[in-house]
Amino acid sequence: MTLEVVVLAAGEGRRMKSDTPKVLHQLAGRPLLAHVLGAVRALAPSRIVVVHGHGGERVRGAFPEADLEWVEQAERRGTGHAVAQALPRLDPRADVLVVYGDVPLVRSETLRRLVDEVRGGLAILVAEAPDPTGYGRIVRGEDRRVVRVVEQPDATEAETAICEVNTGLLATSVAHLARWLSRIGSANAKNEYYLTDAVALAVDDGVAVATVRAPDWTEVAGVNSRGDLAALERAFQRREAAALLAAGVSLADPERLDLRGTLACGRDVWIDVGCVFEGRVQLGDRVRVGPYCVLRDVSVGADTEVLAFSHLEGAQVGARCRVGPYARLRPGARLAERVHVGNFVEVKAAALGAGAKANHLAYLGDAELGAETNVGAGTITCNYDGERKHRTVIEDGCFIGSNATLVAPLRLARGTYVAAGSTVTQDTPPDSLVFGRAHQTTKAGRRSRRS
Ligand code: UD1
Ligand code: CA
């Protein structure tokens, strides 16, 4: 059976008190809708129709992917009305899965179970709510079979006490859905077309209604407020932390990890508290990451240690390096093995050869440093002349004394020794000694006449 998906994303999200449409709010660095689409795509449906409303252009703009079809619900008249907007796009012979754009943590495995339960009938995803307030309740008959779903504003006191709630996610055939949608009215407390009325209509028609229970509550919890969003962010991070621990990664505190992308780790990796990982991050065997580091799109080789408060972005770090504390690696930083980059050293678009060391206070930009070079504190590659960027090449085994100013374009041949405090503007031959500083004049006994 082919499967098609309708994603409801027309809600305004007024309770977010935001200028950003609700489904564009971010969870773990990605919009809520991106999470839902990820879960849906894992089912390989033949069509995904997203119903948008408020802020539609912004939402569409954020998802330019070719596999999405967009339908506008100009007026918000309920979930039944929203699905009806998508109906003309659906293949009448297919099955359809309805999901919500603001229920971000649903797993594809759960959606798969729901779809598998359709079997020519209707399958609804239900959950045991810690607090059912606001949710539609599952009303069952004497025989425990589902009779209908009642919305909170329409529920009797007895119905309000039910803790088994409707998550809103359902799957059925497009043919059934079309029939039920044409019969759903708006004579209820909210004057809305409730998609959930499909349940009673299915029972009327003698169509089997199956319930699939969500494995945990966070999977089906919706985001209505910033508080909900923060709570689901934590739930998501706990899930990620648990997966890392299970995969053999040590976390100093699983509650203090933030992963906004993918983190691939080798064996015996150790991560201290407060670290943020974004984009694609790869950590080799036995890598240790100190407290409060930010790593975005970075790969780190085996046995390397990243010390506290370091910020690494778009960098490749080799094996057995030491980075930080307080180091900054910017895009294009490439460290070979055994490189040391210490406190307050900034590296941008620069390759540091094996065993190179810049341990304190330096700027290395648009540069190449050979193996076993040593860069003293205060060294700057002056790569920018106000208009263009130029390269600095420092060949193997150079020694750059403290506070050197290397004016690019510049090439220091292998073994060059630059004396501390030098300003270097000319290329050097191998093994040269370079002094590029003003001569010191010392006038003995003249302290009192300072001229
Ligand atoms: C809905 C269900 C309720 C369920 C709850 C679970 C109905 C009538 N009720 O209630 O049984 O317990 O979800 O979270 O379906 N939307 C549109 N267009 C509309 C209205 C809603 O696209 O006209 C979208 C919203 O953006 C949201 C989803 O549908 O993604 C659910 O709408 P919402 O208003 O939050 O429904 P609830 O009242 O929470
Ligand atoms: Ca809701």
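Whatever order the structure lists ligands and atoms in, that order sets their numbers, starting from 1.
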Legend entry - Whether Thr79 side chain and Leu195 backbone form a donor-acceptor pair below 3.5 Å: yes
Legend entry - N/O donor-acceptor pair under 3.5 Å between Arg47 side chain and Val6 backbone: no
Legend entry - Closest to atom 15 (O) of ligand 1 among Thr79, Val83, Val50 (heavy-atom distance): Thr79
So if I count the atoms of ligand 1 from 1 in the order they appear, which ones are less than 4.0 Å from some heavy atom of [X]?
| X | value |
| --- | --- |
| Gly136 | 3 (C), 4 (C), 11 (O), 12 (O) |
| Asn166 | 3 (C), 4 (C), 6 (C), 11 (O), 12 (O) |
| Leu8 | 22 (O), 24 (C), 29 (O), 30 (O) |
| Arg77 | 23 (O) |
| Thr196 | 7 (C), 8 (C), 9 (N), 11 (O), 15 (O) |
| Tyr194 | 8 (C) |
| Asp102 | 27 (C), 30 (O) |

Any N or O on [X] sitting closer than 3.5 Å to an N or O of ligand 1?
| X | value |
| --- | --- |
| Leu195 | no |
| Asn224 | no |
| Gly168 | no |

Inset, instruction - Look at atom CZ of Arg145 and say whether more than 12 heavy atoms of other residues, nucleotides or ligands are closer to it than 6.0 Å. - result: no
Legend entry - Gln152 atom CD: more than 12 heavy-atom contacts under 6.0 Å: yes
With heavy atoms under 4.0 Å as the rule, classify the contact between [X] and ligand 1 as side chain, backbone, both or neither.
| X | result |
| --- | --- |
| Ala82 | side chain |
| Arg137 | neither |
| His81 | neither |
| Thr167 | backbone |
| Glu151 | side chain |

Legend entry - side-chain contact (heavy atoms from CB on, under 4.5 Å) partner of Leu312, the single match among Val281, Val306, Asp297, Val347: Val306
Inset, instruction - Decide, yes or no, whether a salt bridge links Arg234 with Glu255 under the criterion of side-chain N to carboxylate O below 4.0 Å. - result: no
Inset, instruction - Before accepting this row, confirm whether a basic side-chain N of the pair Glu240/Arg238 lies closer than 4.0 Å to the acidic partner's carboxylate O. - result: no
Inset, instruction - Anything under 30° is parallel, anything over 60° is perpendicular, the rest tilted; go ahead and classify Phe236 against His35. - result: perpendicular
Legend entry - Parallel, tilted or perpendicular: rings of Tyr326 and Phe344 (30°, 60°): parallel
Inset, instruction - Could you establish whether Lys190 and ligand 1 come within less than 4.0 Å of each other, counting only heavy atoms on the residue side? - result: yes
Inset, instruction - Run the contact test for Gly78 against ligand 1 with a 4.0 Å cut-off on heavy atoms, strictly below, and give the result. - result: yes
Inset, instruction - Mind checking the NZ-CZ spacing from Lys348 to Arg330? Nearest 0.5 Å is all I need. - result: 6.0 Å
Legend entry - Donor + acceptor pair across side chains of Asp197, Trp180 (<3.5 Å): no
